[in-house]
Amino acid sequence: MFDGQKIRKLRSEQNLSLKDLSDKSGVSVSMISQIERRNTDPTLTTLYKLCKGLDVSISTLLGADEQALQLVRKNDRKSVNFPQSHSKY
């Protein structure tokens, strides 16, 4: 489920009311409220509109925290072999 708190946080930081964001984005006040309260998940089109209204990139809303990202190079990946099978994962 999408974390609507990110939208609420960005909206609050910019001192925007629900109505202000609605006017800037073209998304209804009730839809923004439902997304922020996690009652519904926005479509990509709705997210795009909200990003335009908040003047942020879509990756800002969809991206994970920097600390949560982990990169594992191909040679560093662990593999699992099953002894009675030729499968390798």
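All values below were derived from every heavy atom in this structure, side-chain atoms included, with hydrogens, water molecules and symmetry-related copies excluded.
- In this structure, CD on Gln14 lies 10.5 Å from CG on Asp20, to the nearest 0.5 angstrom.
- Atom-to-atom distance recorded for Leu54:CG and Ser25:OG is 7.5 Å, nearest 0.5 angstrom.
- Summarising the geometry, atom CD1 belonging to Ile35 is positioned 14.0 Å from atom NZ belonging to Lys6; distances are rounded to the nearest 0.5 Å.
- Although no hydrogens or angles enter the test, the distance criterion places no donor-acceptor pair under 3.5 Å between the side chain of Thr40 and the main chain of Gln34.
- The distance from atom CZ of Phe2 to atom CG of Leu47, rounded to the nearest 0.5 Å, is 5.0 Å.
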>> Quick one, Ser22 with Val27, criterion side chain to side chain contact (heavy atoms under 4.5 Å, CB included). Give me CA distance, side-chain angles, the key distance, then yes/no.
In response: CA-CA 5 Å; Ser22 176; Val27 178; 5.7 Å; no
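- Applying the salt bridge (charged side-chain N to carboxylate O under 4.0 Å, His left out) criterion to Lys52, with sequence neighbours excluded, gives no partner residue.
- With a 6.0 Å radius and a threshold of 12 heavy atoms from other residues, nucleotides or ligands, Asp55 has its CG atom at or below the threshold.
- The OG1 atom of Thr60 sits 11.5 Å away from the CD1 atom of Ile7 when rounded to the nearest 0.5 Å.
- We find the CG-CE distance between Asn39 and Met31 to be 10.5 Å, quoted to the nearest 0.5 Å.
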>> Before you tell me yes or no, could you show the steps for Thr43 and Thr45 under side-chain hydrogen bond (donor to acceptor under 3.5 Å, both in side chains), namely the whole-Å CA-CA distance, both residues' side-chain angles and the distance that decides it to 0.1 Å?
In response: CA-CA 5 Å; Thr43 63; Thr45 302; 4.5 Å; no
> Does the side chain to side chain contact (heavy atoms under 4.5 Å, CB included) test come out yes or no for Leu10 and Val56, once each step is laid out?
Replying inline: CA-CA 9 Å; Leu10 289 167; Val56 296; 4.2 Å; yes
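- If you chain together hydrophobic residues whose side chains sit under 4.5 Å apart, Leu18 and Leu16 fall into the same group.
- Every residue meeting the salt bridge (charged side-chain N to carboxylate O under 4.0 Å, His left out) condition with Lys19, not counting sequence neighbours, appears here in chain and number order: Asp23.
- For the residue pair Arg8 and Ser12, no side-chain donor N or O sits within less than 3.5 Å of a side-chain acceptor on the partner.
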